[in-house]
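A note on names: the letters A, B, ... follow the listed sequences, proteins ahead of strands, and every chain is numbered from 1.
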2 protein chains.
Amino acid sequence: MPTVSPSANDNPKLSQLLDAAMDVFLRFGFKKTSMSDVAEEAGLSRQGLYFHFDTKEALFKATIEHWIHSMQQETRDAVSEPGKSLEARLLGAFDRSMGRTVGKVGAEAFDLAEASDQLADGIMERALGQFHALLVRTIDEAVASDLSAKSGVCTSDRVDTLLAASMGLKHRTESREAFRRQMLTVVRVVLAPLKLKAASKARS
Amino acid sequence: MPTVSPSANDNPKLSQLLDAAMDVFLRFGFKKTSMSDVAEEAGLSRQGLYFHFDTKEALFKATIEHWIHSMQQETRDAVSEPGKSLEARLLGAFDRSMGRTVGKVGAEAFDLAEASDQLADGIMERALGQFHALLVRTIDEAVASDLSAKSGVCTSDRVDTLLAASMGLKHRTESREAFRRQMLTVVRVVLAPLKLKAASKARS
DNA sequence: ACTAGACAACCATTACCTTTTTTGTAAAGT
DNA sequence: ACTTTACAAAAAAGGTAATGGTTGTCTAGT
């Protein structure tokens with residue numbers, strides 16, 4: 001009767017397990033991934049995996065939740081990385097959210113969205129909303145004045161644009177490097193009319 | 001031995017036929033669309049269809065080419081519509097290119113990109129490149145000065161962003177109306193730092 | 001410039017059966 | 001906190017054969 005780890009990433013071993021599981025789920029999708037596949041990738045036996053999770057559904061739910069939570073953690077970190085420009089921090093956030101899976105998603109993984117919606121109850125929508133809010137806050141905090149203020153564009157609109165473009169690029173770029181490169185252009189375009197508060201510039 | 005109409009949309013009847021064909025291809029994809037399906041949608045017999053096109057491949061190729069050409073015609077028209085603002089003209093161009101298929105694409109139509117690449121020899125890439133160039137020209141012609149010029153953002157970068165965002169929205173919007181609404185935000189964000197030449201504003 | 005009917009060849013779908021894989025449980029060991 | 005072996009039940013995969021749909025051609029008609 002394994003405790004279905006309520007809060008996820010306290011345990012580093014469990015965290016590694018769920019990272020491995022996500023890799024496999026991204027390659028094969030939910031249906032075509034077997035418990036043996038995940039066990040092998042994670043470097044433990046199938047029964048060792050069942051020790052942690054009673055069912056494939058429970059494993060998947062925990063995997064998705066851990067994936068979302070670690071993504072949110074990483075994007076929060078990226079967004080507030082000290083000594084970096086707003087541009088670099090936003091780029092880091094997109095690289096660790098949308099760019100995270102570029103080149104890792106297999107052709108048979110089309111059922112992942114459906115499965116995660118069904119098994120993890122709309123977690124994606126919520127995460128997206130929170131990501132949106134985080135980006136708005138981040139930009140607003142860094143902006144001193146908006147050279148295009150009179151045009152009626154608000155930060156939320158800017159974030160909408162960033163998100164739409166990142167999703168477009170996610171589908172059409174073949175490598176994470178290409179995604180990052182093209183996303184940099186997008187971020188620059190969207191941030192261009194903003195006058196930022198005095199802060200240290202990027203050095204990376 | 002039907003002449004595989006070299007230049008497409010001279011004939012209005014043929015144009016209608018190819019429009020109907022595209023609707024069916026978008027619903028069912030290339031493989032799952034039968035010649036009967038197209039004939040029925042176009043309102044003629046299957047043999048009448050064979051009178052125009054020897055093979056399904058030839059029909060598909062002509063359909064894609066006609067679709068691309070009419071799209072380019074419409075976008076060119078939209079982009080130079082007199083009396084409308086740059087914003088409205090760009091929005092019109094995106095509505096008639098990317099927005100054109102929103103809500104019309106069926107789940108089984110995933111093979112269309114592959115088929116058109118294979119049978120129409122990279123026509124999509126070329127069309128995309130030309131669309132990019134058209135947008136750059138359109139924006140450059142309407143711009144008097146760029147308030148964010150010092151940021152190193154050029155018009156091509158702006159167009160990259162518009163295209164990336166339009167592709168992101170294309171996948172995530174359920175109606176053409178929603179696409180247009182969200183694309184309007186994107187266009188506003190991207191054009192915000194531009195100071196336009198004196199011209200009549202939109203009234204629509 | 002088409003329609004109607006018929007036709008062989010081919011392709012896709014279905015049904016059915018057999019074999020393999022996978023799930024989830026359990027026991028015993030380290 | 002695992003591993004290995006074992007096992008029943010369920011699901012998926014593989015093989016095969018019949019069935020139905022689709023393609024492309026032909027002929028005859030309007």
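Between A:His52 and the phosphate of D:dC2, there is a side-chain N or O to OP1/OP2 separation shorter than 4.0 Å.
Remark: A:Gln72 pairs with A:Gln130 by the side chain to side chain donor-acceptor pair (under 3.5 Å) rule, at least two apart or across chains.
Counting heavy atoms from C-beta on, the side chains of A:Lys104 and A:Asp23 come closer than 4.5 Å. The shortest side-chain heavy-atom distance between B:Arg158 and B:Pro193 falls under the 4.5 Å cut-off.
Contacts classified as ring-ring contact (aromatic ring centres under 6.0 Å, His included) and involving residues 92-137 of chain A (residues at least two apart or in different chains) are given here: A:Phe94-A:Phe131.
Rounded to a whole Å, the CG atom of B:Leu17 is 14 Å from the P atom of C:dA1. Rounded to an integer number of Å, the gap from B:Phe51 CZ to D:dA28 P is 18 Å. Rounded to whole Å, atom C1' of C:dC7 lies 13 Å from atom OH of B:Tyr50. Remark: P of D:dT23 and CZ of B:Phe60 are 14 Å apart, rounded to the nearest angstrom. B:Lys13 has its NZ atom 8 Å from the C1' atom of C:dA1, to the nearest Å. For the pair A:Asp54 CG and C:dT22 P, the interatomic distance rounds to 20 Å; values are reported in whole Å.
Taking the six-membered ring where the residue is Trp, B:Phe30 and B:Phe25 present parallel rings, their angle staying beneath 30° rather than reaching 60°.
DNA chain C is contacted by A:Thr33 of residues 19-33 of chain A, taking any non-hydrogen atom closer than 4.0 Å. Listed by residue number, the members of residues 38-49 of chain B with any heavy atom below 4.0 angstrom from DNA chain C are B:Leu44, B:Ser45, B:Arg46, B:Gln47, B:Gly48.
With respect to B:Lys31 and B:Asp111, no salt bridge is recorded, no charged nitrogen being found less than 4.0 Å from a carboxylate O. Remark: A:Arg176 engages A:Asp95 in a salt bridge, criterion side-chain N to carboxylate O under 4.0 Å.
In this structure, CZ on B:Arg181 lies 12.0 Å from CG on B:Leu91, to the nearest 0.5 angstrom.
Here B:Lys56 lies in heavy-atom contact (under 4.0 Å) with sugar-phosphate atoms only.
For the helix from C:dA1-D:dT30 to C:dT30-D:dA1, the axis fitted to the five pairs at one end and the axis fitted to the five pairs at the other end meet at an angle of 60° (nearest 10 degrees).
For NZ of A:Lys61, the number of neighbouring non-hydrogen atoms (other residues, nucleotides, ligands) closer than 6.0 Å is 12 at most.
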Run the side-chain donor-acceptor check on residues 114-126 of chain A: report pairs under 3.5 Å with partners two or more places apart or on a different chain.
unit_1   : atom_1 : unit_2   : atom_2 : d
A:Ser116 : OG     : A:Leu112 : O      : 3.0
A:Ser116 : OG     : A:Ala113 : O      : 3.0
A:Arg126 : NH2    : A:Asp121 : O      : 2.8

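A donor and an acceptor atom, one from each side chain of A:Ser70 and A:Arg100, are located under 3.5 Å apart.
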